[in-house]
Structures are given as structure tokens and as C-alpha cells.
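To find a chain, count down the sequence lines: A is the first, B the second, and so on, and within it residues start at 1. Just so it is clear, the structure is predicted and the values come from calculations on it, not from any experiment.
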2 protein chains.
Amino acid sequence: MNRNIYKLKAEVAKALAHESRLIMLDALKMDDQCVCDLTALVGADQSTVSKHLSILKNAGIVSDHKEGNRVFYHLETPCVLQFFDCALEVVQIRTQATQSVL
Amino acid sequence: MNRNIYKLKAEVAKALAHESRLIMLDALKMDDQCVCDLTALVGADQSTVSKHLSILKNAGIVSDHKEGNRVFYHLETPCVLQFFDCALEVVQIRTQATQSVL
DNA sequence: TGGCTATATGCCTATATTGCCATATAGGAG
DNA sequence: CTCCTATATGGCAATATAGGCATATAGCCA
């Protein structure tokens, strides 16, 4: 059992563990987006969004490239989108379990 | 865009965002495991492992049942295992990117 | 009942994450 | 060069997470 690989995978999960970052990844599913558009999308401070994006970039999930004075982010590993479906499944099962208790 | 669903999904990601919890989920892939075995596996304090398990349980990823004086945990949503593969892919791409810089 | 094992929880401290503000940096337009 | 827009970073305060110790709870066995 290689502990280090678990730690690295946990870092990827950590990068996904924020509402704003998931919103941005969902938007990047279709097309590359500039920071300005993503900022408007999540509705937080521009500096906050920039930090979220650097977290995704450091995790290896997105990459960036400049176009003029704007920076566009690109979804580098679309497989993370599979997680969205699984997370939905988890949430739905949890909801059912909660309701059965009531 | 439903913000709440992103928040719920982020909670699932957060539950996955720890080395010890990933190790335990990997072990639960094959069979249900008692807290005692999982404690030995991750090598942390029993109370720490118990807390990690309650995080996975609250997220809806695992369930538990008693057998005698032991509590066994069960992987309720095996789809989270797909995340392992994707995380590995992300890590590998990140490693390649790092190496190309050197 | 008493003692042993297994598990969960409260408490505390250390560390990490988040978010905004202020500011630095860079590119484009005039 | 100057101004404006776009983005990144440093700093700070608030909050969340993690981990161990002590302890409570529960089941089993004698």
C-alpha cells in the first residue's frame, strides 16, 4: 500500500471540495473561460476566484493560457466531471436515507 | 444553476479529501470492515479513525451495522471508486507537466 | 456484578482553508 | 507615457479540519 499515492489523490479531492470550484468546473465543461467570466459566474471577489483557480491549477485539473490581457482556464482532465454524477448519486441516497428516518 | 446542489456535491468531495479516508474506502472495496481493522490499517488513534468514519457516513458514502461489540462499515456508493482512477490520471498528468518543466 | 474489548464523543491545540481588501503586475488603447 | 481593464498575490481575520487524550457507552464473558 503506497501511502503517498493516497495523499496525492486526496489533494485532488481537496481541490474539488468547494462549491465555487465545482461551479467553475461545470462551466469549463463546455468551453474555456476567462477569469472575468468565472468571477461573474460565482459572484465572489475577483481575488477569491483567482485563488480558487490557482488551487485547481496546482491540482492539475485545469490549465491556463493568456489571450491579450485576459487569462483563460481550460479543463485539463474531464474525468473529474464523472465525479459530479457520483456525488449526485451519493447525495440522492443520503436524501432517501434521511427521508426514511422521518 | 442550483447552487445548493454544488454545495452538496462539494461536501461529498470534502469527505474524500483525506489520505486516511481514501485508504479506508479502498479497503472497503472488497469487504465490509470493522473499526478495529481499519484502525490497524491506517495506523492512527482509534478515536481519529472513528471520526473519519463518521465523516464518510454523514456524507452518505458508507453505512454501518453492529455485529456483537464490533461495528462494521460498508461501502454504500461504489461509484466513488471511479474517482480513484481519475485522481490518478490527474496526478500523472501533473507529474508529466512538472517533469517537462525540468 | 466485574472486567475486558470495541466504538464514539468531548475537549483542546495545531494547522489549513476561506474571503475580502489593498496592492502589484501586465496588456491594450489613446 | 498615462489610463483603464484583467489578473495575481500578500496580509489579515474568521472559520473549519485534524489528531490525540480522556472518557462515556455498549457488548461479551466469567
Review point. Under a 4.5 Å cut-off applied to non-hydrogen side-chain atoms, are A:I55 and A:K14 in contact?
Key: no
In whole angstroms, the gap separating C1' of D:dG27 from NE2 of B:H65 amounts to 15 Å
- Can you check whether B:H52 has a side-chain N or O nearer than 4.0 Å to OP1 or OP2 of D:dT17? no
**Prompt:** So, do A:L88 and A:Q92 sit near enough that their side-chain heavy atoms are less than 4.5 Å apart?
**Reply:** yes
*Under a single-linkage definition using a 4.5 Å side-chain heavy-atom cutoff for Ile, Leu, Val, Met, Phe, Trp and Tyr, are A:V42 and A:F72 assigned to the same hydrophobic cluster?*
no
Please determine whether side chain to side chain contact (heavy atoms under 4.5 Å, CB included) holds for the pair A:L16 and A:L25, giving the CA-CA distance in whole Å, both sets of side-chain angles, and the decisive distance to 0.1 Å. CA-CA 9 Å; A:L16 297 176; A:L25 288 175; 3.4 Å; yes
Taken to the nearest whole Å, NZ/A:K14 to C1'/D:dA16 is 12 Å
Per-nt protein contacts along nucleotides 5-15 of chain C (heavy atom under 4.0 Å; B base, S backbone sugar-phosphate only, - none) come out as BSBBBBB----
Between CG of A:N58 and C1' of D:dT9 the distance, given in whole Å, is 13 Å
Here the distance between atom P of C:dG28 and atom CD of A:E67, to the nearest Å, is 11 Å
| query | Side-chain donor-acceptor pair under 3.5 Å between A:E89 and B:T77, yes or no? | reply | no
To the nearest angstrom, the NZ-C1' distance between B:K7 and C:dT17 comes to 15 Å
In whole angstroms, the gap separating C1' of C:dT17 from CD of A:E19 amounts to 15 Å
Separation of D:dG19 atom P from B:L38 atom CG, nearest Å, is 15 Å
#### Entry: No-hydrogen, no-angle side-chain donor-acceptor test under 3.5 Å, B:Q46 and B:T39
no
Taken to the nearest whole Å, CD1/B:I55 to C1'/D:dG19 is 11 Å
